[in-house]
Amino acid sequence: MSPARRCSRTACSRPAVATLTYVYADSTAVLGPLAAYIEPHSYDLCAEHSQRLTAPRGWAVLRLAEPDPGPVRPSSDDLEALANAVREAARRPHDGSDSAVLSRPRTHLRALPDPDA
């Protein structure tokens, strides 16, 4: 839930928790989790308005399930494991057999040796 995004309904200032999109070709209103980006033809709704949503006669309402609330950011364990893998790769002696790596142009990312090692 983003504190900057509010419900699109008039006179409602509650925080948005869901995004409503209309699929006119299928006569369907799709209500799902809050979209990552604000789209011009979608509407952000608060919890109360998303629960009370009704569609026009002849239209269907498709309610998408909330995504599994897993970790949004990598944990410190994940970052440490990645750093350790990069350090280990930098320590391995290069025997010159991997010519594809040598022929690639250098990029801005490089493995640096561990100053404590």
Side-chain angles (χ1 to χ4, degrees):
M1 175 172 66
S2 173
R5 290 172 65 177
R6 299 287 177 199
C7 184
S8 297
R9 296 290 303 258
T10 304
C12 181
S13 61
R14 289 185 288 266
V17 297
T19 299
L20 171 66
T21 306
Y22 291 106
V23 182
Y24 293 98
D26 297 333
S27 300
T28 305
V30 180
L31 184 67
L34 189 62
Y37 301 101
I38 299 172
E39 296 291 332
H41 300 290
S42 62
Y43 305 91
D44 294 337
L45 299 176
C46 65
E48 181 181 344
H49 285 121
S50 64
Q51 290 171 355
R52 295 187 340 189
L53 175 74
T54 59
R57 184 177 298 148
W59 282 56
V61 176
L62 177 62
R63 295 179 188 270
L64 302 177
E66 289 289 323
D68 184 24
V72 177
R73 297 182 189 161
S75 69
S76 61
D77 292 340
D78 294 338
L79 294 176
E80 187 174 345
L82 178 61
N84 290 337
V86 170
R87 285 188 196 112
E88 182 63 31
R91 285 188 196 131
R92 290 188 196 135
H94 184 63
D95 60 2
S97 63
D98 194 4
S99 60
V101 172
L102 295 175
S103 66
R104 277 193 272 157
R106 289 188 158 198
T107 62
H108 67 282
L109 297 175
R110 291 185 187 86
L112 299 176
D114 187 5
D116 298 329

Any side-chain heavy-atom pair from P15 and R5 closer than 4.5 angstrom?
no

Using the side chain to side chain donor-acceptor pair (under 3.5 Å) criterion, which residues pair with [X]? Sequence neighbours excluded.
X: R57; answer: none
X: R9; answer: none
X: E48; answer: R14, R52

same_hphob_cluster(Y43, L62) at 4.5 Å side-chain heavy-atom cutoff
no

Gap between atom OG of S8 and atom NE2 of H49 - 0.5 Å precision:
10.5 Å

For residues 16-39, which side-chain N or O atoms pair as donor and acceptor with protein atoms under 3.5 Å away, sequence neighbours left out?
| residue | atom | partner | partner atom | Å |
| --- | --- | --- | --- | --- |
| T19 | OG1 | A35 | N | 2.8 |
| T19 | OG1 | D44 | OD1 | 3.2 |
| T28 | OG1 | D26 | O | 3.0 |

